[in-house]
Amino acid sequence: ALINASAILLCSFVALLGLRFYLFALAARADSNFFSLPYTTVIVACKGIEDNTRHNLLSILTQTHPHYEVIFVTGSPNDPVIALLDQLVAAHPRARRLIAPPSDERGDKVNNVLYGITHANPHSEVIAIFDSDGHAQPNFLARLVAPLQNNHISVTSGYRWFSPKNLNITSITLTLWGSIVFALQA
């Protein structure tokens, strides 16, 4: 009986956090004007190639946001991902590929992102940083940028959400951890 009561309490807590997130997202969508989204530069630091790299990078290039550019940055001209990036850049005029010079002051990923920022379009009002190993839904960038139209909001985040497939203690803990972090930020 105690386990059932705990499970009901846990499920209720997660449902309330889910409802809060839904209402927050609904309000953000209602406040945004899709066609007036600011010009955005998406920086993607790339290193190596994995099974889903092409699929993931295409998901960034095919966003519904109407005004954006994508800058892919690698840290080496010998990186195996270069050939793929060159194919994608040739097929997508909004994309560019850069090779960042090495840095002794910071790690490769941070160095690549900072180098990409220095090459952003001067008309860009927003910088978005994506990971090459993540898949973005078609409206992800528009939904990420839309809240910035509110003058009281200057930063948004696509904090990764964990949705459990197995109801074990580890999966439930990860889900609650992400929910609590969101609730504290919202």
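Please read all numbers here as calculations on a predicted model, not as lab measurements.
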Looking at side-chain heavy atoms only, is the closest gap between V89 and F72 below 4.5 Å? yes
CG/L84 to CD1/I82 distance, rounded to the nearest 0.5 angstrom? 10.0 Å
Please tell me whether T40 and H65 have a donor and an acceptor in their side chains that are separated by less than 3.5 angstrom. yes
Are E125 and L148 side-chain neighbours, meaning at least one heavy-atom pair lies under 4.5 Å? no
Minimum heavy-atom separation for H67 to L37, with atom names? CD2-O, 3.5 Å
For D79 and K47, what are the C-alpha separation, side-chain angles and deciding distance, and is it a salt bridge (charged side-chain N to carboxylate O under 4.0 Å, His left out)? CA-CA 7 Å; D79 194 303; K47 185 175 185 178; over 6 Å; no
Would you name the heavy atoms of R54 and L88 that are closest together and state the gap between them? NH1-CD2, 4.2 Å
Quick check: closest heavy atoms across N112 and I43, and the distance to 0.1 Å? O-CG2, 4.4 Å
From Q87 atom CD to H92 atom NE2, the distance as rounded to the nearest 0.5 Å: 10.5 Å
Separation between CD1 of I127 and CD1 of I117, rounded to the nearest 0.5 Å: 5.5 Å
Does any part of the side chain of V42, heavy atoms only, come nearer than 4.5 Å to the side chain of I60, both counted from C-beta? yes
Can you check whether S76 reaches I99 side chain to side chain, under 4.5 Å on heavy atoms? no
Atom pair NZ (K109) and OG (S132), whose distance is rounded to the nearest 0.5 Å: 7.5 Å
Can you hop from V126 to F140 via hydrophobic side chains spaced under 4.5 Å? yes
For the residue pair R94 and Y68, would you count it as a cation-pi contact if the rule is NZ or CZ under 6.0 angstrom from the ring centre and within 45 degrees of the ring axis? yes
Out of curiosity, does L141 fall in the hydrophobic cluster containing L58 (side-chain heavy atoms, cut-off under 4.5 Å, transitive links)? yes
Check the orientation of H135 and H55. Use parallel for under 30°, tilted for 30 to 60°, and perpendicular for over 60°. parallel
Where do N111 and R106 come nearest, in terms of heavy atoms and distance? OD1-NE, 3.3 Å
Roughly how far, to the nearest 0.5 Å, is the CG atom of D131 from the SG atom of C46? 9.5 Å
Between S36 and Q149, does any side-chain donor sit less than 3.5 Å from a side-chain acceptor? yes
Report yes or no: do V70 and L85 belong to one cluster of Ile/Leu/Val/Met/Phe/Trp/Tyr joined by side chain heavy-atom distances under 4.5 Å? yes
Report the distance from atom CG of L144 to atom CZ of F130, rounding to the nearest 0.5 Å. 6.0 Å
List the atom of Y115, the atom of P101, and the distance in Å for their closest heavy-atom pair. CE1-CD, 3.3 Å
Taking all heavy atoms of D133 and all of E50, pick out the closest pair and write down the distance. CB-OE1, 4.1 Å
